[in-house]
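Beneath this line is the structure, given in structure tokens, with notes to follow.
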Amino acid sequence: MIERALHLPALDVIPKHVAIIMDGNRRWAREHGLPATEGHRLGVRALRRTARACADAGVEVLTVYTFSVENWQRESSEVEILMHLMQRAAISELASLYEEGVRVRIIGRPESLPLGTRRALDRLVEKTSSNTRLTLNLAINYSGRTELQDAIVALVNDVTAGKLSSTAIDDQTISRYLYTGNLPDPDLLIRTSGEFRISNFLLYQIAYSEFWSTPVRWPDFDAEHLHEAFTEFNRRKRRYGR
């Protein structure tokens, strides 16, 4: 169940699309003398809080970096735990997400996931497809470079098939071929755990996103931290190169 957000002061501008690199689960676990599994489990709880807080604030799209292509290089036991956790969360959160009006989408290459995990995620996507309050993009088996590769291949195939003229390719055309489709680009990119790397996330879409980093580990992230990020976003002057 998505936890209730705290009542926080109103802000003048709420970003339409928020992207988050959810970092620090394993470090949180080490600092608390706990197995990495516990950090990942509490990371799911943090996502519940954040999704609810975004929906309450009026955010339209939330995109979170759940599992990267590079994460397959971790210990096989940890990867297996992560896959099981995703499967269990997809099942246990379905009713709550549906009731909250959250539409879940998977971006990346989910066909490479274990069958049980993939089926649970497919059902979550299907059952919430008609919701409109918040779109929650789960970037799973995702990489910004593989996203661009897939987009280029699709573009080339359509040009070759005569469905698209090469002279008609512009920024909007490219955006439509990305995993995020016709969704707006992120206004705000948040990274937890004090890091300042992009880590191969939404490379094309974040060209003009505002970036905000917090030292807070992801399992501790809550509505107050999200409000802090939004407050800083309101201080920024977005010039888009002008």
Side-chain angles (χ1 to χ4, degrees), residues 15-23 51 54 59-73 79 82-83 86 90 102-115 117-132 134-191 196-211 238-242:
K16 289 184 178 180
H17 186 170
V18 176
I20 304 179
I21 301 174
M22 305 181 294
D23 197 9
C54 282
V59 173
E60 297 176 9
V61 183
L62 172 63
T63 301
V64 295
Y65 209 174
T66 308
F67 187 87
S68 74
V69 169
E70 292 80 12
N71 287 158
W72 292 110
Q73 300 174 42
V79 171
L82 285 168
M83 292 297 117
M86 275 190 268
V102 177
R103 176 179 66 141
V104 179
R105 297 174 69 253
I106 308 300
I107 62 172
R109 293 177 172 179
E111 64 275 7
S112 299
L113 300 175
L115 183 59
T117 304
R118 191 167 72 247
R119 283 178 172 172
L121 289 168
D122 285 346
R123 186 167 184 269
L124 179 62
V125 169
E126 178 188 356
K127 294 296 183 180
T128 62
S129 61
S130 61
N131 287 344
T132 58
L134 173 72
T135 295
L136 173 59
N137 293 318
L138 302 177
I140 302 177
N141 196 25
Y142 174 89
S143 154
R145 288 184 173 182
T146 56
E147 177 179 28
L148 290 172
Q149 177 184 329
D150 289 348
I152 291 168
V153 169
L155 269 169
V156 169
N157 287 341
D158 281 354
V159 170
T160 302
K163 298 178 181 178
L164 178 69
S165 169
S166 61
T167 59
I169 298 174
D170 57 14
D171 181 60
Q172 291 184 339
T173 306
I174 295 171
S175 293
R176 287 198 302 270
Y177 280 82
L178 298 174
Y179 297 150
T180 47
N182 291 314
L183 295 175
D185 289 339
D187 300 295
L188 174 65
L189 172 63
I190 297 171
R191 180 157 190 162
F196 289 88
R197 296 185 299 276
I198 299 303
S199 295
N200 206 3
F201 185 47
L202 301 176
L203 296 178
Y204 192 89
Q205 297 92 324
I206 62 170
Y208 288 105
S209 301
E210 297 296 324
F211 183 69
R238 306 188 72 197
R239 302 184 185 278
Y240 301 96
R242 292 191 295 270

Pair up each side-chain donor or acceptor in residues 118-125 with any protein partner under 3.5 Å, not counting sequence neighbours, and list the distances.
residue : atom : partner : partner atom : Å
Arg118  : NH1  : Glu111  : O            : 3.4
Arg118  : NH1  : Leu113  : O            : 2.9

Study note, to complete from the structure: Interatomic distance, CG@Leu138 vs CG@Leu62, rounded to 0.5 Å, equals 8.5 Å
Study note, to complete from the structure: Smallest heavy-atom separation, Ser129 atom then Arg103 atom, equals O-CD, 3.5 Å
Revision key, fill the gap. What one should report as the nearest heavy-atom pair of Val59 and Lys16 is CG1-O, 3.5 Å
Point to revise | Min side-chain heavy-atom separation Asn200-Val69 under 4.5 Å | key: no
Point to revise | From Gln172 atom CD to Asn182 atom CG, the distance as rounded to the nearest 0.5 Å | key: 9.0 Å
Practice item. Look up atom CG in Leu178 and atom CG in Leu202, then write down how far apart they are to the nearest 0.5 Å. Key: 9.0 Å
Review point. Above 12 or not: heavy atoms from other molecules or residues under 6.0 Å from CZ of Phe211?
Key: yes
Check your understanding: To the nearest 0.5 Å, how far apart are CD1 in Ile140 and CE in Met86?
Key -> 5.0 Å
Review point. Looking at side-chain heavy atoms only, is the closest gap between Pro15 and Glu210 below 4.5 Å?
Key: no
Check your understanding: From Glu60 CD over to Thr132 OG1, what is the distance, rounded to the nearest 0.5 angstrom?
Key -> 10.5 Å
Exercise for review: State, with a plain yes or no, whether a side-chain heavy atom of Leu155 is found less than 4.5 Å away from one of Thr173.
Suggested key: yes
Review point. Do you know which two heavy atoms are closest between Phe67 and Leu82, and how far apart they sit?
Key: CE1-CD1, 3.9 Å
Review point. Tell me, do Pro186 and Ile206 make a side-chain contact under 4.5 Å, heavy atoms counted?
Key: yes
Check your understanding: Is the closest side-chain heavy-atom distance between Phe201 and Leu189 below 4.5 Å?
Key -> yes
Point to revise | Nearest-0.5 Å distance that lies between atom CZ in Arg105 and atom OG1 in Thr180 | key: 7.5 Å
Point to revise | Chi angles and distances behind the side-chain contact (heavy atoms from CB on, under 4.5 Å) call for Leu203, Arg145 | key: CA-CA 7 Å; Leu203 296 178; Arg145 288 184 173 182; 3.9 Å; yes
Revision key, fill the gap. Closest non-hydrogen contact found for Ile21 with Arg197 is CD1-O, 3.8 Å
Check your understanding: Can you tell me if Asn131 uses its side chain to pair, donor with acceptor, with the backbone of Val102 under 3.5 Å?
Key -> yes
**Study point:** Mutual orientation of the aromatic rings belonging to Tyr142 and Tyr65 [parallel < 30°, tilted 30-60°, perpendicular > 60°]
**Key:** perpendicular
**Study point:** Pairing residues for Tyr204 by the ring pair (Phe, Tyr, Trp, His ring centres under 6.0 Å) criterion, not counting sequence neighbours
**Key:** none
Review point. Are Asp187 and Arg238 close enough that some pair of their side-chain heavy atoms sits under 4.5 Å apart?
Key: yes
**Study point:** Ser68 and Asn71 side chains, donor-acceptor separation under 3.5 Å
**Key:** yes
Exercise for review: Please determine, by modelled atom types, if Tyr177 and Asp158 share a side-chain donor-acceptor pair under 3.5 angstrom.
Suggested key: yes
Review point. Do Ile169 and Ile174 have side-chain heavy atoms sitting under 4.5 Å apart?
Key: yes
Revision key, fill the gap. Closest non-hydrogen atoms of Asn141 and Trp72, given as atom of the first, atom of the second and distance, are OD1-NE1, 2.7 Å
